[in-house]
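Notes follow once the structure below has been shown.
FYI, the numbering just counts along the sequence from 1. Just so you know, these numbers come straight off a predicted model, no measurement behind them.
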Amino acid sequence: YFTLGFKPITLNFSFSYTLQSITSTGLISWYNLAKKKKPDPQGTIKVKFFFTSKLEKATAKHEYEQMLRCILEYELRSSSVARYWWAGKLTSEGEAILQQYTKCANLTAIEQTLIAWFVYTQVHLTYPLSITLLESVLDKLCGAYEVALTTDDERERFWEGARRILPSCLSIVVKMRKRLAGDKDIVKTVTAVLQLLAKADQLAMRRGANLFSDATVRALKQMAVDCTKHSTMKEATVLAVQLGARTWFETSLASAIEGSQSNEEKLRSLIKFVQLLQADLLRAKTYYDGVFKRLVTIAIAFILCQSFNHTKRFLCYICSVMDIDYSREICIQHEARIVSHLRPIVQTICNGFKKITLRMEQLERRAEMESLDMSSTLFELYLILKLFLQQTDTVVQCAHNPYIVEFHQWFRGGIVYYLDVFAIKTISRVVTVLEEDDLRPATGAVPGPKCSSSTGEILEIISQIKIFWDQLAWPDKDEMKKFLKRSIGDICSCCIFYADRLLSKVKTLHGSTVGSAGGLNATQLATLERSLTVLSNVSVLMQSLARLPAELGYSQPRVNGSVESDTPEKTRKTSLEQLMADEMLPIDGLASWRQKCARYIADHVTQTTRALILACGEVGPNGGSPNGTLTGGFFASKPQASPVEHVERLRHWIVQSAALLRESLTEVDLHAVEQDLWAVLETTMDEIIKKLLEKKDSISTFQRLRDCYTQLSQHYFRTISETIACSTIGERLETFSCTTSELIHRYYLERVRQQDQLEEPENGQLTVRCWFQPDGLQIKVLRAEQLRLPKDYKHSCDSYVKLNVLPPDQFGAPLPELKTKTKSKNFSPIYNESFTLKINPVQHSLKDALLMLNVKVSELLGLSQKHIGECFLRLDAIPVVRDASEAHEIAPITIPLSLPFTIGRGQRSRTSYSVTALENRNHDKMAAQFLKKLKQKMGIAPYTMSTLSFALSLSVGGR
C-alpha cells in the first residue's frame with residue numbers, strides 16, 4: 001500500500017517459498033509490482049523474510065542469558081582455552097544461534113551487553129575470562145547505565161557481578177610479580193585490571209553502591225588482602241600490591257638460601273638475593289610505574305564521554321583514588337622484609353666472629369691464611385645493601401624504614417673481623433712476595449724507577465684499603481675514626497715487618513753475586529744496588545703512608561679548647577704527625593728501619609772504599625804490605641794483584657758507586673753517606689800516609705794514593721765541599737807525590753804565600769825595579785831598609801843581595817850567579833846596581849816561575865855568612881816594556897824580608913808539608929843538600945865553605 005501525493009495506490013506482488021528455505025538469518029529477495037489491468041510491471045520491491053516470536057522482554061532476556069551461558073561453557077570446555085585468555089569470540093555456529101535468537105526476541109545491543117556482563121561475571125568464577133573483555137563490557141555499561149539497567153533486579157545483579165570479579169582482579173595484582181619482566185601480556189592484563197577497578201569504583205561512587213560487601217570482604221581476607229566494608233578501591237589495590245611484594249620476597253628468599261649450610265654460603269646467597277631485589281625494583285620502575293600512573297590519562301578520556309555536570313568530580317576522584325606509586329610500595333615492603341629476615345642472619349654471623357691473633361709460625365701455613373675469605377664476602381653484602389639503599393632513595397624520598405637506615409650497625413662485628421683478616425692476609429702476602437723478590441728494580445706498574453716488585457704489591461694493598469674505606473663510607477664518624485686508626489696502624493705494622501724482612505734479606509745476600517752483571521766489583525756493586533732498592537722501597541712506602549690518613553679522610557683540625565693560634569711558631573700538625581701524637585701509628589718504627597738501611601749503605605760504601613784504598617796504598621790495617629789480601633771485611637781472599645789493577649778496581653768502584661748513590665739517594669741521605677765516607681777516608685788516608693812515611697816508601701805509592709783521592713773528590717763529597725776544602729789530605733798527597741825538584745819549588749811557593757801574608761816586615765825591606773824588555777829580564781836593586789841582623793851575629797852589617805831564578809832546571813843552561821857588591825856597616829844600604837838575565841818569552845810565561853832575592857851578611861873574609869832575609873817576585877807579575885826607553889816608567893817595588901823560621905808561626909802560617917816530604921827523602925842527595933841550606937838559613941847549622949874552598953883561601957892568604 002503506497003501513497004503518491006494525496007491519492008493512495010494499491011500495487012500487488014506474489015511469491016512462493018517453503019519454510020525450510022528460510023534460514024535462521026532470514027531471506028532477502030526482490031519482487032515486481034503489478035496493477036490490475038496493466039500488463040507492465042509497476043516497479044520492484046525488496047523483501048526480507050525471517051522468523052520472530054512475540055515473547056515478553058523479560059522472558060526473552062532470561063532465555064538469551066541461559067542460551068549464552070550454555071554456549072560459552074560448552075565452547076570453553078571443548079576448546080581448552082587458557083585461563084584469562086578468552087576474549088569474547090564464539091564459534092560461527094554459536095554466533096549464528098545467538099544472532100537468530102536476538103532477532104527473534106528483538107533484543108537491543110545494550111541489552112545483549114548487560115546479559116553478557118551477567119554471564120561473564122558468573123563464568124569468570126569457575127573459568128577466568130580475559131580481563132580486557134570484562135573491562136570493555138563494563139565500559140559500555142558505564143556509558144549507558146540508565147538505559148541498560150531499567151529494573152532494581154538488573155541493577156542488583158550488575159553490582160553483584162562487579163563484586164564477584166573484584167577478588168579475581170586483585171588476585172592478578174598480587175600474582176603479577178610471578179611473571180617475567182617485560183611480559184607484554186601481563187602488562188596489558190594489569191592495565192585492564194586497573195581500568196576496570198577504577199571505572200567500577202567511580203560508577204559505584206556515582207550510584208551510591210558499595211563494592212566491598214561482606215561476601216567480597218571474606219573472599220579478599222581468604223586471599224590475605226585485609227580489607228573492610230569501608231575500604232576504598234585504592235586501599236584495596238595497595239594492599240594487593242603489598243601482599244604480592246611480601247609473597248614474592250619470602251618465596252624468593254626461601255629459594256635463594258635453600259641448601260645453604262655454612263655461613264659463607266648463606267652470605268653468597270644473600271648477595272644474590274639482594275641483587276635480585278635490585279633487579280625487581282628496576283623492573284617495577286621500568287614496566288609497572290607507568291601502568292599504575294597512566295590510569296589518570298585514561299580516566300580523563302573516559303570522563304569526556306560523560307555529561308558535563310559530572311566531569312570535574314570524576315577527574316578529581318580518579319586522580320586521588322587510583323594514582324598509586326607502585327615502586328614506592330615495593331621499596332617499603334622490601335625494606336621491611338630485609339629488616340625482618342636478613343638482619344637476624346647478618347647479626348648472627350657477625351656476632352659469631354672471634355678475635356684473631358696472628359702468631360709468626362702461622363705465616364708458614366699459607367692454606368690456613370687463604371681460607372679466611374668470609375670477611376670479603378660480608379663486605380660484598382654490605383656494599384650491595386648500601387647500593388640497594390641508594391637505589392631506593394630516589395623512590396621513597398629518604399622515607400626509609402628506620403631500622404634499615406642503621407643497617408651498618410649489623411656489620412660492626414664483621415668489620416672488626418675484616419680488619420683482623422686483612423692484617424693477617426697482608427702479612428702472609430708480604431712473606432710470599434718477599435720470597436719472589438730478587439731486590440732488583442722492577443719495570444712496569446711499580447712506582448719509582450728503583451723499586452722492586454714487592455713494593456708494588458704492598459702499594460696495591462694500601463690502594464685496596466683505600467678503596468675499602470671509600471666504598472664502606474661508614475656513617476658513624478666516631479666509629480669510623482676508630483676503624484681508621486686500627487686500619488692505618490695495621491698497615492704501618494705490615495710495612496715495618498716488610499722493611500725488617502727486606503733488610504734481613506739484603507744482609508743474607510751480602511757477598512752474593514745474585515743479580516750482578518759480572519765484571520769488576522760485581523759483588524760489591526750488586527750488594528749496593530740491592531741496598532739502594534730496599535731504601536727506595538721503604539722511602540716510597542713512607543711517602544704513601546704519610547699521605548694515607550688524609551686520603552682516608554682522617555685528618556681534622558685539632559681543638560684544644562681554645563681558639564687556634566695562627567702564629568708561625570704554632571704551626572698546625574699534619575695528619576700523620578697528629579696520629580703520631582695520639583700514639584697510634586708505629587710510623588717512627590718504619591722511619592728507624594729506613595735509617596738502618598741508610599746506615600747499612602753508608603757502612604758498605606765506606607768499608608768497601610777503605611779496603612780498596614788500603615790495597616792501592618799496599619798497607620794493611622796493621623801496617624806493612626797486605627800480602628795480596630784485601631782486609632776490609634768486604635772481600636774474600638784473592639791472589640795478589642798489581643798496583644795498577646788495584647787502582648783500576650778502585651776507580652771503577654768510585655765511578656759506579658757514586659753514580660748509583662747520586663741517582664738513588666736524596667740530598668739528605670747522600671750528605672750522610674758522604675759524611676761517613678769522609679770521616680773514614682780522612683782517618684784511613686792519614687794512617688796510610690804515616691805508615692808510608694815510616695816505611696819511607698817510594699813516590700809511586702803516593703802518586704797512586706793521590707790519583708785515588710782525586711777520583712774520590714771528583715765523584716764524591718759534593719755535599720760537603722766546604723769540609724773537603726779545609727782538609728789537608730789532598731795537599732799532603734799532592735806534596736808527597738812530587739819529585740824532589742818539585743818539592744823544593746813547592747817550598748818556595750809556600751814562602752811566596754807566607755810573604756804575601758806578612759802584615760809587617762820582620763827582617764827589613766828590599767826595594768827593586770824589574771821589567772822585561774826584548775833582551776831579557778832587567779833587575780835594578782835599589783836599596784834595603786831597616787835590616788835586622790840575627791841575634792847571634794856580633795859583627796857589623798856588611799850586606800849584599802844575591803839573585804836567583806826558580807826553578808833553575810826550567811831555564812835551560814845554568815844562569816850566571818848574580819849578586820851585588822857588599823855594603824859595609826849600613827843597616828839601610830843603597831845598592832843601586834843593575835843586572836840582566838837572558839830569559840826568553842817562553843821562560844817568562846812559565847807557571848809559578850820566581851825571582852828570589854836573598855840578603856846576606858858576611859864575616860871572616862867571607863868564610864862565614866848569615867842570612868838576613870829573602871823575598872820573592874813572580875815572573876808573570878813583572879811588567880813588560882817594548883824597549884829600554886820605557887823603563888823609567890816602571891815604579892820601584894818594596895818587598896818585606898823574612899826567614900824560613902817564620903813558617904809555622906802566626907795565625908796564617910801552616911806547617912810546610914814540602915819540608916816534611918824532603919826530610920823523608922834522606923837518601924836523595926838533592927833533598928839532603930836543600931835541607932842543609934835551609935837549616936843554615938834558619939840558623940840551625942853554621943855556614944862554612946867547602947874544604948877545597950877553605951884550602952884555596954888559605955893558600956892565597958899565605959902568598
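With 3.5 Å as the limit, one finds a donor-acceptor pair spanning the side chains of His124 and Ser168. No side-chain donor from either of Gln543 and Arg547 sits under 3.5 Å from a side-chain acceptor of the other. No side-chain donor from either of Ser252 and Ser255 sits under 3.5 Å from a side-chain acceptor of the other. In this model, no donor atom of one side chain and acceptor atom of the other lie less than 3.5 Å apart for Tyr288 and Ser327.
Formation of a donor-acceptor pair under 3.5 Å by the Tyr498 side chain with backbone atoms of Thr455 is found in this model. Distance alone, capped at 3.5 Å, is enough to place a donor-acceptor pair between the Glu235 side chain and the Thr232 backbone. Proximity of a side-chain donor or acceptor of Thr247 to a complementary backbone N or O of Leu243 within less than 3.5 Å is detected. Using modelled atom types, no side-chain atom of Thr286 and backbone atom of Arg283 make a donor-acceptor pair closer than 3.5 Å. With Ser262 contributing its side chain and Glu265 its backbone, the two residues share a donor-acceptor pair below 3.5 Å.
Atom NZ of Lys386 has more than 12 neighbouring heavy atoms from other residues, nucleotides or ligands inside a 6.0 Å radius. Atom CD of Gln390 sits in a crowded spot, with more than 12 heavy atoms from other residues, nucleotides or ligands closer than 6.0 Å.
A distance of 12.5 Å separates OG1 of Thr121 from CG of Leu166, quoted to the nearest 0.5 Å. How far CG of Leu134 is from NZ of Lys199: 12.0 Å, rounded to the nearest 0.5 Å. With values rounded to the nearest 0.5 angstrom, Leu211 atom CG is found 4.5 Å from Met233 atom CE. Separation of atoms SG (Cys169) and CG (Leu194) is listed at 9.5 Å; rounding is to 0.5 Å. The CG atom of Asn210 sits 6.5 Å away from atom CZ of Arg163, with the distance rounded to the nearest 0.5 Å. One distance of note links CD of Glu406 with CG of Asp476; it measures 8.5 Å at 0.5 Å rounding.
Taking the six-membered ring where tryptophan is involved, the planes of Phe273 and Trp248 are essentially parallel, since the angle between them stays under 30° and well short of 60°. Using cut-offs of 30° and 60° on the angle between ring planes, the pair Trp469 and Phe483 is parallel.
When each of Asp490, Ile461, Ile465 is checked for a side chain to side chain contact (heavy atoms under 4.5 Å, CB included) with Thr426, only Ile461 meets the rule. Applying side chain to side chain contact (heavy atoms under 4.5 Å, CB included) to Trp410 and the options Asn351, Ile349, Val346, Thr348 leaves one that passes, Val346.
Contact of the Tyr382 side chain with the Trp474 side chain is registered, since non-hydrogen atoms from C-beta on lie closer than 4.5 Å. Using a 4.5 Å cut-off on side-chain heavy atoms (C-beta onward), Leu281 and Gln278 make no contact.
Every ring-ring contact (aromatic ring centres under 6.0 Å, His included) that Phe468 has, sequence neighbours left out, goes to Phe379, Tyr418. Among residues two or more places apart in sequence or in another chain, the side-chain hydrogen bond (donor to acceptor under 3.5 Å, both in side chains) test is passed with Ser130 by none.
With respect to the salt-bridge test (charged N to carboxylate O, under 4.0 angstrom), the residues Glu264 and Arg268 qualify.
Nearest heavy atoms, Cys227 versus Val217: O-CG1, 3.3 Å.
Within the 6.0 Å centre-distance limit, the rings of Trp86 and Tyr120 are counted as a close aromatic pair.
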Exercise for the section: For side chain to side chain contact (heavy atoms under 4.5 Å, CB included), just list the numbers for Leu389 and Leu385, CA-CA rounded to whole Å, side-chain angles, deciding distance to a tenth of an Å, and then say yes or no. Expected result: CA-CA 6 Å; Leu389 206 61; Leu385 280 175; over 6 Å; no
